[in-house]
Amino acid sequence: MHGIPSKTLNDGLEVPAIGFGTANIKGSAGVSIISSAIDTGYRLIDSAFNYENEGAVGAAIRRSSIPREQLRITSKLPGRHHSYKKAVTTIQESLLRAGLDYYDLYLIHWPNPKQEMYVEAWQALIDAKKWGLIRSIGVSNFLPEHLEKIIHETGVTPSMNQVELHPYFSQETQRSYHQEHGIITESWSPLGRASHVLENKDIQSIAQTHDKTIPQIILRWHIQLGALPLPKASSAGRQRENLAVFDFSLSDQEMHTINKLTKPDGRIHDQDPAIYEEF
């Protein structure tokens with residue numbers, strides 16, 4: 001895929017080892033930004049029903065000269081539509097918004113455990129995959145306890161779990177669970193939403209050693225952890241920069257230096273999936 005290494009999901013679907021995040025990227029300006037990302041070389045585009053940009057993603061796909069089968073397009077089910085019938089209708093609406101015949105990946109955006117309906121939502125995704133509306137199904141922000149429940153009750157293991165992951169919140173326990181169960185870890189806000197991590201002197205020193213930028217070092221850290229990062233960038237220059245992370249490697253010591261930055265309370269907005277409710 002345009003020189004980017006690929007990962008094979010547990011259901012056989014191949015996806016690029018890095019993707020493009022689109023939260024808050026929408027409208028006509030969003031179409032231009034996503035089109036630029038595709039032209040730059042991104043083949044995995046992440047979106048969500050609640051991002052209100054599935055239409056922009058679809059327009060960018062139609063504008064692109066890249067064949068649809070070479071792209072991997074993701075969207076996500078919102079918390080307010082976890083009931084089975086609502087979930088099925090929402091998946092259909094997601095496709096209509098984007099003007100697509102299928103999504104390559106569709107995820108449950110948050111477990112919303114207080115509702116206790118995420119197993120029902122998961123069953124809707126399982127059926128939508130059987131009907132050909134989705135090629136691969138996964139989840140987002142699911143803790144091991146939520147994953148255990150849907151696997152136990154349906155017998156179907158998600159292909160990926162998209163979670164908050166950055167140097168201040170490295171999710172070691174979560175990633176270990178994923179690895180044991182053949183689930184790909186996908187990183188949202190991989191650069192910490194432009195937090196103080198981009199000014200960290202330890203990472204800055206590593207960047208100088210490799211003649212790379214701090215974001216490139218952080219993205220390379222994700223890749224060597226085995227995670228699939230979803231950086232977001234509006235300019236073509238930054239988009240290209242974020243893709244240029246496959247021509248060098250971090251040493252074990254450099255990985256250890258970044259790993260040590262993690263904090264127990266490192267979540268950006270304290271969005272703990274055990275209690276956070278997304279609608």
Side-chain angles (χ1 to χ4, degrees), residues 1-76 91-107 128-129 131-138 140 159-160 162 184 186-188 190-191 215-216 219-220 222-223 227-247:
M1 290 184 178
H2 203 75
I4 298 171
S6 64
K7 289 178 172 286
T8 303
L9 305 183
N10 59 21
D11 54 16
L13 181 68
E14 282 199 11
V15 297
I18 191 170
F20 186 73
T22 67
N24 301 317
I25 295 176
K26 52 189 173 181
S28 297
V31 176
S32 296
I33 291 169
I34 298 165
S35 295
S36 170
I38 294 173
D39 290 343
T40 300
Y42 291 89
R43 297 293 178 263
L44 171 60
I45 309 297
D46 181 75
S47 64
F49 193 92
N50 270 358
Y51 294 172
E52 298 179 336
N53 67 356
E54 292 164 318
V57 170
I61 292 168
R62 289 187 292 276
R63 181 183 292 188
S64 171
S65 62
I66 303 301
R68 170 68 183 91
E69 62 270 16
Q70 292 184 21
L71 299 172
R72 301 290 182 264
I73 310 300
T74 304
S75 195
K76 308 184 196 77
I91 294 165
Q92 295 168 345
E93 180 64 26
S94 282
L95 289 167
L96 291 168
R97 288 181 177 191
L100 297 175
D101 295 325
Y102 65 91
Y103 274 103
D104 299 279
L105 287 145
Y106 207 86
L107 318 178
K129 182 181 178 184
W131 301 331
L133 303 181
I134 309 166
R135 296 181 69 191
S136 185
I137 56 175
S140 183
S159 63
M160 66 167 48
Q162 186 183 124
I184 292 291
E186 198 171 45
S187 311
W188 63 260
L191 302 177
Q216 286 174 322
L219 292 173
R220 182 67 204 181
H222 282 272
I223 287 159
L228 195 167
L230 297 169
K232 186 175 69 173
S234 296
S235 73
R238 281 292 304 280
Q239 291 170 359
R240 284 192 295 272
E241 176 187 306
N242 289 343
L243 282 184
V245 293
F246 297 102
D247 58 350

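This one's a predicted model, so the numbers in the text were calculated from it and none came from an experiment.
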Audit row: Asn10, Ser159, side chain to side chain donor-acceptor pair (under 3.5 Å) steps and yes/no: CA-CA 6 Å; Asn10 59 21; Ser159 63; 4.9 Å; no
Atom pairs and distances, side-chain donor-acceptor, residues 227-236, under 3.5 Å, sequence neighbours left out:
from: Lys232; atom 1: NZ; to: Ala23; atom 2: O; distance (Å): 2.8
from: Ser235; atom 1: OG; to: Arg238; atom 2: N; distance (Å): 3.1

Minimal non-hydrogen separation, Arg62 against Gly99, with atom names: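 Distance-wise, the nearest heavy atoms are NH1-CA, 3.9 Å.
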Where Asn53 and Ala48 come nearest, the two heavy atoms and their spacing: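 Smallest interatomic distance, heavy atoms only, reads OD1-O, 3.9 Å.
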List the residues meeting side chain to side chain donor-acceptor pair (under 3.5 Å) with [X], not counting sequence neighbours, and say none if there are none.
X	answer
Thr74	none
Asn242	none
Ser94	Glu54, Tyr106
Gln162	Asp46, Glu186

Candidate pair Tyr102 and Lys129, rule side chain to side chain contact (heavy atoms under 4.5 Å, CB included), full reasoning: CA-CA 9 Å; Tyr102 65 91; Lys129 182 181 178 184; over 6 Å; no
Ser47 vs Thr22, side chain to side chain donor-acceptor pair (under 3.5 Å): CA-CA, chis, key distance, verdict: CA-CA 6 Å; Ser47 64; Thr22 67; 5.1 Å; no
Sidechain-backbone polar pair: Gln239 side chain, Ala37 backbone, donor-acceptor under 3.5 Å: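 Flag set: sc Gln239 to bb Ala37 pair under 3.5 Å.
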Short side-chain to backbone donor-acceptor contact, His222 and Ser187, under 3.5 Å: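 It does not hold such a pair.
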Report the residues that fulfil side chain to side chain contact (heavy atoms under 4.5 Å, CB included) with [X], sequence neighbours left out, ordered by chain and then residue number.
X	answer
Arg63	Val31, Ser32, Ser35
Phe246	Ile4, Pro5, Ala17, Ile18, Arg220, Ile223
Ile66	Ile38, Arg43, Ser64, Gln70, Leu71

With [X] via salt bridge (charged side-chain N to carboxylate O under 4.0 Å, His left out) - residues at least two apart:
X	result
Arg135	Asp104
Asp101	none
Lys26	Glu52

A side-chain contact here means heavy atoms from C-beta on lying under 4.5 Å apart; do [X] and [Y] qualify?
X	Y	answer
Ile25	Phe20	yes
Leu9	Met160	yes
Gln216	Leu219	no

Pairwise distance [atom1]([X]) to [atom2]([Y]) - rounded to 0.5 angstrom:
X	Y	atom1	atom2	value
Arg72	Tyr103	CZ	OH	15.5 Å
Leu133	Leu100	CG	CG	11.5 Å
Leu13	Leu105	CG	CG	6.0 Å
Ile73	Ile45	CD1	CD1	5.5 Å

Distance under 6.0 Å and angle within 45° of ring axis: Arg97 vs Phe49: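 Yes, a cation-pi geometry holds between Arg97 and Phe49.
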